[in-house]
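Please read the structure below before turning to the comments.
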There are 2 protein chains.
Amino acid sequence: MARQRAIYQRIADELRADITAGTLREDMRLPTEAELAQRWKTSRATAVQGLKVLVNEGLIVADRPRGYFVRKRRPMVYRPQAEFRIPEPDADIFRQRIADEQDSREPSQKIEVAISSPSKTVQRRLHIDAKTAVAVRRRMRSIDGDPFNLNDSHVPLSLVEGTDWMSPEDVPRGTNRVLAELGYEIIHSVDEIMVRMPTPEESSRLALGPGTPVAEHIVTGYARRDGRETPVQVTVNILPGDRHVIIYDRVREGESA
Amino acid sequence: MARQRAIYQRIADELRADITAGTLREDMRLPTEAELAQRWKTSRATAVQGLKVLVNEGLIVADRPRGYFVRKRRPMVYRPQAEFRIPEPDADIFRQRIADEQDSREPSQKIEVAISSPSKTVQRRLHIDAKTAVAVRRRMRSIDGDPFNLNDSHVPLSLVEGTDWMSPEDVPRGTNRVLAELGYEIIHSVDEIMVRMPTPEESSRLALGPGTPVAEHIVTGYARRDGRETPVQVTVNILPGDRHVIIYDRVREGESA
């Protein structure tokens, strides 16, 4: 005979099945702790333990004192390939992505520019050492005032010092255009996508709830210099899993898109 | 004055900083619960609470009774674009990916074929309803015997019934080649990548530890039929975050790769 699952697990299993089946839909309130305890003839602590399982799986959120609710997902469509297709002002590419969803939410962003020494992630991809200063352009993007993602671009300081790339304002013609004007047009990018739990700093900056992993999307941009491809920019995007779907289009060679 | 953080949080903060700085490296053993309790002049329960924070962040693993260890990451390079570039026998594309890492680990896979009614995910992408039967080709891929990822392809049963696509063995010429022979050559794919915590079933099939999110990578393949692009295959890949990095190459139009 199969070993009996603990009551808190069975509570979680039943509620999870209701969410998966759609009986419990987005934003709906779950039974209260007291209701669950009574229905399962168990303690309130056990009911809470069952609910916690689903909180940690990212399926429900606790909104005290109102109760527990099925988590709402309105993922933003994130298309890394759009970078090469449409003009790319800092803000407008973000606006464009929102527009893709035909959605009335209002995007905004905060831009900050810093000079720093490069992290290992950046050093390795730009082929520089820790002593080479980099300019960092940090964007925190929000929708309807809620933080949505972090987007930090790094370029060797010597390439962009004193240029518009370092302006802490929106650059209407786009920072990649600025790089192109300086002779560093990005002609090739490599995207790396890793999946992990957020750091405490990311959790707090992005106001992430429990059970919310992030995608770390690193884009290394290459320009042609002296006939060779040279890495000039590394952008690290932190995309909370509950707010994004990343999309790529792939067309077989010889076919048109 | 900033509010003092609880001791268990400070224990977690200090250990996390050591891991980030590399003082505590992959596979190294952390101080024991008793050592931490003594050093922080606190209870063992509080020390355990601090360690649990890092387990849930996916930074360390508990390997009782040996202790807690810094989590080892040996991510496999996963290149969705390789599908269109190299011949793609079921197993060989997986072998190829391992080979990319110049790594001596031994890949293997289990293949199972089923006939089922399509999930909502599949219905929506294949433009079919719940009553249209689909053939499902399920592959569980392992490295050195450890489960690595799940890869389930779905095609309307009417397209592949009685063909090699449904053979529960490795198909040396590749199942996409079989589709092409049947008149359904995939000429365009759309990749969607979502990030979430695993379901309990995924956790158990993939032997995932706590704090291990997954990428759900859905590939919809389109063939040209009667001059129009028609979706013919939906593949759902479940990629544990601790074992994969997903890579895409993007080349600006007019440039060669």
Open item on the list: Applying the side chain to side chain contact (heavy atoms under 4.5 Å, CB included) criterion to A:M194, which one of B:V245, B:V195, B:D242 satisfies it?
Closed with: B:V245
Open item on the list: I'd like to verify something: which residue of A:I247, A:T199, A:T220 has the highest number of heavy-atom pairs under 4.5 Å with chain B?
Closed with: A:I247
Task: Which portion of B:D13 sits near chain A, non-hydrogen atoms under 4.5 angstrom - done: neither
Open item on the list: On a heavy-atom basis, which atom in B:M197 and which in A:G211 lie closest, and how many Å separate them?
Closed with: CG-O, 3.5 Å
Task: Polar side-chain atom of B:R250 near backbone of A:P80 as donor-acceptor pair, under 3.5 Å - done: yes
TODO: Output the distance between atom CG (B:L59) and atom CZ (A:R196), rounded to the nearest 0.5 Å.
DONE: 9.5 Å
TODO: Quick one: pull up OH in A:Y78 and CD1 in B:I193 and give me the separation to the nearest 0.5 Å.
DONE: 11.0 Å
Task: Student check: side-chain heavy atoms of B:R16 and A:P200 closer than 4.5 Å - done: yes
Open item on the list: Between B:E192 and A:I246, is there a side-chain heavy-atom distance shorter than 4.5 Å?
Closed with: no
Open item on the list: For the CZ atom on A:R25, are there more than 12 heavy atoms of other groups (residues, nucleotides or ligands in this structure) within a distance under 6.0 Å?
Closed with: no
- [ ] Check whether B:V214 gets within reach of chain A through its side chain, its backbone, both or neither, counting any heavy atom under 4.5 Å.
- [x] backbone
